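This one's a predicted model, so the numbers in the text were calculated from it and none came from an experiment.
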Amino acid sequence: LCKGASAKLVRTCIRGAGAGISGRAFHSLSMLSCTIAGCAADGLLLRHGQADIVDCTILNSGQSGIVFGPGQWQLTGCTVTGSSQYGVWAEADAVVS
C-alpha cells in the first residue's frame with residue numbers, strides 16, 4: 001500500500017509472494033477472512049497507518065507473520081503460525097488491540 005492508499009480485502013488469498021502485504025504511510029487497510037501463506041519475507045508489514053484485520057490466517061512466513069510499526073492496529077480472531085521469526089511483532093509506537 002502506498003502513501004495515502006486504502007484497501008478492503010475480503011476472502012482474498014496471497015501465496016508465495018516476497019512479502020504478503022506491505023504498507024507505509026497508508027490511510028487504512030481492512031481484511032476479512034483472508035489467507036496469506038508461504039511468503040518469503042513477512043506476511044504483513046504495516047507502518048504508519050491503520051488496519052482492521054478480522055478472522056485471517058497468516059502461515060509459513062519466511063520472516064515474521066505480522067509486523068506492526070507505528071499506527072493503529074486492530075487484530076481479531078486471527079491465526080498466525082509457522083513463521084520463521086516472530087508470529088506477531090509490534091514496534092514501540094504501535095497501538096495494537
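Looking only at side-chain heavy atoms (C-beta outward), Val67 and Arg47 come within less than 4.5 Å of each other. Between Ser61 and Ser83 the shortest side-chain heavy-atom distance falls below 4.5 Å. Considering only heavy atoms from C-beta on, Leu75 comes within 4.5 Å of Ile66 through its side chain.
Using the six-membered ring where Trp is involved, Trp73 and Phe26 have ring planes that are tilted, between 30° and 60° apart.
Follow the hydrophobic side-chain contacts under 4.5 Å out from Leu29 and you never reach Leu45; the two are in separate clusters. Connection of Met31 to Ile14 is established within a shared hydrophobic cluster, with ILVMFWY side chains joined at heavy-atom distances below 4.5 Å, either directly or through further cluster members. No path of Ile, Leu, Val, Met, Phe, Trp and Tyr side chains, each step under 4.5 Å between heavy atoms, connects Tyr86 with Val95, placing them in separate hydrophobic clusters. A single hydrophobic cluster is not seen to contain both Val96 and Val54; linkage of ILVMFWY side chains at heavy-atom distances under 4.5 Å, directly or through other members, places them apart.
Once rounded to the nearest 0.5 Å, the distance linking CG of Leu59 with OG1 of Thr79 reads 9.0 Å. In this structure, OG1 in Thr35 is found 11.5 Å from CZ in Arg11, a value given to the nearest 0.5 Å. Distance CG/Leu9 to SG/Cys56: 8.5 Å, rounded to 0.5 Å. Between the CD1 atom of Ile21 and the OG1 atom of Thr12 there is a distance of 8.0 Å, given to the nearest 0.5 Å. Between the CG atom in Leu1 and the OG atom in Ser22 there is a gap of 8.0 Å [rounded to 0.5 Å].
Nearest heavy atom pair, residue Ala19 against residue Cys39, reads C-SG, 4.2 Å. Across all non-hydrogen atoms, the minimal contact from Gly65 to Ile58 is O-CG2, 3.5 Å. Contact detail for Ala94 and Gly69: the closest heavy-atom pair is CB-O, 3.2 Å. The two residues His27 and Gln50 have their closest heavy-atom pair at O-CG, 3.1 Å. Residues Cys78 and Ile53 approach most closely at SG-O, 3.5 Å, considering heavy atoms.
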Applying side-chain contact (heavy atoms from CB on, under 4.5 Å), run through Asp42 and Trp89 and close with a yes or a no. CA-CA 10 Å; Asp42 299 310; Trp89 174 266; over 6 Å; no
Applying side-chain hydrogen bond (donor to acceptor under 3.5 Å, both in side chains), run through Ser6 and Ser28 and close with a yes or a no. CA-CA 5 Å; Ser6 294; Ser28 66; 3.2 Å; yes
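Between the Asp55 side chain and the Leu32 main chain, no donor and acceptor come within less than 3.5 Å of each other.
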